[in-house]
Amino acid sequence: MLKVAMHESFLKSFNKLPSSERKRTEDMIRKLRNNPQNTGLNVEKYKEAMDSRVCSIRTSHSYRAIGLLPDQGKTLLLLWVDHHDEAYRWARKKRFSMNPQSDAISIWSTTEEQIGQPDISQDEKLYTLFSRYTDRELLDIGVSDDLLDKVKSLQSIEDLLRTKELLSEASFAGLQFLTEGDSYDDVYQFVQEYRVDELAFIQRKEQQVENFEQSIRKADKEIVLVTSDEHLQAILDQPLEKWRIFLHPDQQDIVDNHYAGPVRVLGGAGTGKTVVALHRACKLVRNLLMQDEKILITAFNLSLTDTLRKTMQGLCTVEEMKQVDIISIDRLARQIVDKHLPGVVKNVAIDRKKFEYIWLEALSSVGWDRRSLSFVQDEYDQMIQYHGIEIWEEYQHKARKGRGSRISSSDRKKVWQIVENYRREMRKIGWMEYIDVLRLARKWLEAHPNVEIYRSVIVDEVQDFHPEALKLLRALVPNQDNDMLLAGDSHQRIYARHTTFRECGIDIRGQRSKRLSLNYRTTEEIRSHAVQILGDHHYDDLDGGEDKGRKQERSILRGIAPNRVHFSCAEGEFCYVVEQISQLLEQRVSLEEVAILARTNGLAEQISHKLTEAGIFAWMMTNQVTEGKGIMCTTMHRSKGLEFRVVFLIAVNENILPPISVQRMASDEKSREEIDRLERSLLYVAATRARDCVHVTSYGTSSMLWPVKN
Ligand SMILES: Nc1ncnc2c1ncn2[C@@H]1O[C@H](COP(=O)(O)OP(=O)(O)OP(=O)(O)O)[C@@H](O)[C@H]1O
């Protein structure tokens with residue numbers, strides 16, 4: 001009897017099959033397990049594949065499954081199922097390896113060029129990239145025997161890059177240094193030093209990956225071994241999300257621990273912070289809550305809370321969900337105020353531009369004009385609203401830590417007068433800002449300490465919470481064991497809100513700070529490019545320290561680097577997007593797995609209309625509309641927390657990233673630096689929404705934040 005295991009990728013492709021084919025595939029697996037010799041199955045080595053372990057299995061007249069079966073292997077690992085042409089195409093370009101660090105199996109695509117040797121003439125051979133080095137020299141810097149001819153035939157840096165996957169890290173780096181003009185001796189020295197580390201790595205690898213069977217057992221996060229026909233049925237009947245509930249031990253630890261107070265979970269994009277937060281929520285509902293107690297799951301915006309709700313519904317029963325509230329922090333604050341202070345909040349101002357005339361009148365009351373507007377608004381946001389200041393005496397002597405420009409005491413008095421005028425006029429016309437609503441809710445709760453609303457709170461994307469929101473959370477949940485889990489990442493901070501948990505009354509100590517560093521969403525190529533965009537700004541650990549964990553992060557998936565393309569005009573960019581979408585459709589990628597992200601609402605709306613006009617299903621995601629059919633178009637800001645197979649970042653142009661209007665608002669060097677940091681984080685967030693592929697496009701003059709390489 002043959003053991004059958006199924007990789008996550010197999011289940012993904014299985015989920016996309018027509019139902020009749022699913023049934024046939026299920027029958028095929030049953031037959032495989034019971035009688036692999038069954039002639040109808042045609043289990044055959046697929047000779048055109050790069051990996052000699054690849055085999056194909058017939059599931060029906062026109063469908064094939066692809067698997068890995070080493071010679072003398074006892075376990076067949078199913079990897080893919082598709083229409084036969086597609087299945088073979090998939091298998092032909094794939095390479096597979098067990099990743100000893102993550103216990104994951106890596107599947108990555110190679111390009112057509114990598115499959116065949118370049119066809120070059122004898123003359124051309126003389127002038128190849130490495131023709132001046134002898135075989136011995138190349139062997140000494142780590143090029144393996146079987147790759148000597150290939151390396152010697154490379155003619156350009158692009159050829160070398162395409163060969164990267166075939167070379168060891170050390171030899172690839174060495175060859176790259178040679179092309180950059182480093183002397184052979186320096187490169188030789190570098191490779192020898194590098195090899196000491198690499199040898200240690202290979203020894204670890206050999207120890208850990210003793211054989212294929214053992215690796216399959218170890219990779220239990222992404223591979224499931226079929227143990228019986230009933231088990232097979234159960235797996236195939238479940239949606240993928242449910243099946244995928246195998247946490248990494250680091251993740252499981254965070255979920256299972258008992259904490260004497262709030263716990264912080266840091267980690268770059270795609271490291272599973274949300275997954276951990278929701279599993280923790282589930283665990284608390286099951287093991288901690290009394291029948292009349294509730295847990296709050298909150299995040300910054302509506303689209304995020306929508307996504308959290310959907311995932312949570314997949315993890316908990318309907319009964320358990322009754323003890324869980326999932327709501328954005330702003331909406332929750334509004335609910336609290338409306339309930340306990342009815343009529344106090346009439347309207348909440350989102351667009352400050354609308355009230356600019358009030359600011360200008362307030363400025364003129366002290367003899368200032370529009371030129372001081374940005375400075376006063378920055379002072380209001382970063383000092384007065386940030387610290388929740390309501391009286392002059394508090395503002396008068398407040399240290400202006402972090403503010404770039406100095407202020408005289410008479411100007412400070414004038415700023416306060418302007419702010420008082422602004423607040424009074426806003427009250428008169430019945431408007432408030434969200435920060436005011438958060439403060440009102442918090443103050444009401446602080447005045448009524450016996451009203452316990454939640455037993456525990458779980459927060460996602462906490463880096464963008466305003467200090468008032470964090471203080472509100474503290475007031476919502478009494479200080480006790482397992483009271484708070486705060487998940488976030490300062491690299492993804494896209495609103496200018498710097499605070500520390502401590503300043504907001506949230507005390508995190510020692511062991512209650514965790515970091516995840518294995519990226520499950522994005523390929524290593526996309527992750528590393530996105531990280532480069534962040535530049536060399538300082539990134540904090542959300543509590544006043546520095547987050548130094550970024551260097552340890554890595555992805556379990558491999559793939560292609562982001563496509564950075566530039567056009568002379570917007571029309572050129574649009575044609576490129578349409579062309580790429582047509583190719584995706586040919587590859588049977590569903591439109592729902594594609595997103596187009598732009599810096600502004602207007603640009604996102606524009607592309608959504610243009611696609612619709614071109615006959616491609618597309619919809620615009622807004623705060624009100626969170627579901628639609630076809631390609632999702634939205635702003636980079638709203639894409640936070642979401643994920644797609646393919647992402648287009650469009651109009652990455654000068655004066656759009658950052659927008660000229662935002663650049664003009666900078667009142668000093670410090671604000672300019674902050675704008676640069678925020679816009680880089682925004683690009684990082686947007687690019688890391690992609691699982692497989694990112695296209696970064698621009699027209700006219702491209703943005704300096706993601707330059708076009710010539
Ligand atoms: N242990 C795991 N096994 C398999 N997939 C996982 C695991 N943990 C997380 N994932 C997947 O990785 C992806 C990213 O997870 P998640 O959204 O929780 O990351 P995140 O750190 O919150 O990301 P971001 O900060 O970018 O929003 C999701 O598709 C999730 O299902």
Side-chain angles (χ1 to χ4, degrees), residues 7-9 11-12 99 102-107 218-224 239-255 264-282 297 299-301 303-308 310-312 314-315 458-464 485-494 514-524 526-527 530-531 534 539 542 547 549-550 553-557 593 595 597 636-645 647 681-692 694:
H7 190 270
E8 191 178 1
S9 59
L11 289 164
K12 275 189 189 164
N99 183 333
S102 61
D103 292 338
I105 176 167
S106 301
I107 303 178
K218 281 166 96 189
D220 62 356
K221 294 182 295 297
E222 51 186 6
I223 294 173
V224 61
L240 191 60
E241 289 306 322
K242 265 204 166 173
W243 174 79
R244 218 200 329 229
I245 303 174
F246 299 104
L247 297 180
H248 185 277
D250 291 350
Q251 296 176 319
Q252 194 68 55
D253 268 1
I254 301 175
V255 171
R264 166 184 65 175
V265 181
L266 300 179
T271 51
K273 298 181 296 299
T274 307
V275 164
V276 164
L278 295 183
H279 279 264
R280 172 77 180 166
C282 244
I297 300 177
F300 182 66
N301 64 29
S303 53
L304 254 176
T305 43
D306 257 19
T307 315
L308 294 177
K310 280 181 205 137
T311 316
M312 200 56 192
L315 293 176
I458 305 278
V459 190
D460 199 14
E461 308 284 354
V462 72
Q463 73 279 354
D464 277 320
L485 181 143
L486 307 148
D489 173 22
S490 69
H491 304 91
Q492 297 185 65
R493 184 183 284 124
I494 54 175
K514 310 282 174 189
R515 200 172 200 294
L516 296 169
S517 50
L518 207 51
N519 184 315
Y520 286 91
R521 177 193 298 131
T522 313
T523 63
E524 181 57 23
I526 296 175
R527 190 198 68 79
V531 164
L534 289 169
Y539 292 93
L542 311 181
D547 183 1
R550 190 170 88 193
E553 273 177 21
R554 60 200 186 280
S555 297
I556 62 167
L557 304 167
E593 292 182 291
L597 309 177
M636 294 178 179
H637 282 89
R638 281 195 212 107
S639 73
K640 180 182 269 215
L642 307 180
E643 80 179 36
F644 303 88
R645 192 157 156 192
V647 168
S681 286
L682 187 60
L683 271 175
Y684 171 73
V685 167
T688 53
R689 299 308 95 200
R691 292 206 300 265
D692 295 351
V694 181

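Heavy-atom basis, side chains included; hydrogens, waters and symmetry copies ignored. In listed order, ligands and their atoms are each counted from 1.
- Ligand-side atoms of ligand 1 in range of Gly272: 9 (C), 15 (O), 16 (P), 18 (O), 19 (O), 20 (P), 21 (O), range being under 4.0 angstrom from any heavy atom.
- Looking at Asp460 next to ligand 1, no N or O pair under 3.5 Å apart turns up.
- With respect to the salt-bridge test (charged N to carboxylate O, under 4.0 angstrom), the residues Arg515 and Asp547 qualify.
- In the vicinity of Gly641, heavy-atom distances shorter than 4.0 Å reach the ligand 1 atoms 27 (O).
- Residue-ligand proximity: Ala277 is placed with every non-hydrogen atom at 4.0 Å or more from ligand 1.
- Neither the backbone nor the side chain of Arg691 comes within contact range of ligand 1; no heavy atom lies under 4.0 Å.
- Of all heavy-atom pairs between Phe644 and Glu593, the closest is CB-O, 3.4 Å.
- At a heavy-atom distance under 4.0 Å, no atom of Lys640 approaches ligand 1.
- With sequence neighbours excluded, the residues forming a side chain to side chain contact (heavy atoms under 4.5 Å, CB included) with Thr523 are Glu525, Ile526, Leu557, listed by chain and number.
- In terms of polar-atom proximity, defined here as any N/O pair under 3.5 Å, Val275 does make such a contact with ligand 1.
- Looking at residues two or more places apart in sequence or on another chain, you find a side chain to side chain contact (heavy atoms under 4.5 Å, CB included) between Ala281 and Ile295, Ile297, Met312, Ile458.
- Taking CG of Leu486 as the start and CD of Gln463 as the end, the distance is 11.0 Å to the nearest 0.5 Å.
- Residues Asp489 and Tyr684 are in side-chain contact: their nearest non-hydrogen atoms beyond the backbone lie under 4.5 Å apart.
- With hydrogens and angles ignored, the 3.5 Å screen pairs a side-chain donor or acceptor of Glu553 with a backbone N or O of Gly268.
- Of all the atoms in ligand 1, the ones that sit under 4.0 Å from a non-hydrogen atom of Gly268 are 21 (O).
- For Thr271, the heavy-atom gap to ligand 1 drops under 4.0 angstrom.
- Nearest to atom 27 (O) of ligand 1 by heavy atom, out of Glu643, Lys273, Glu461, is Glu461.
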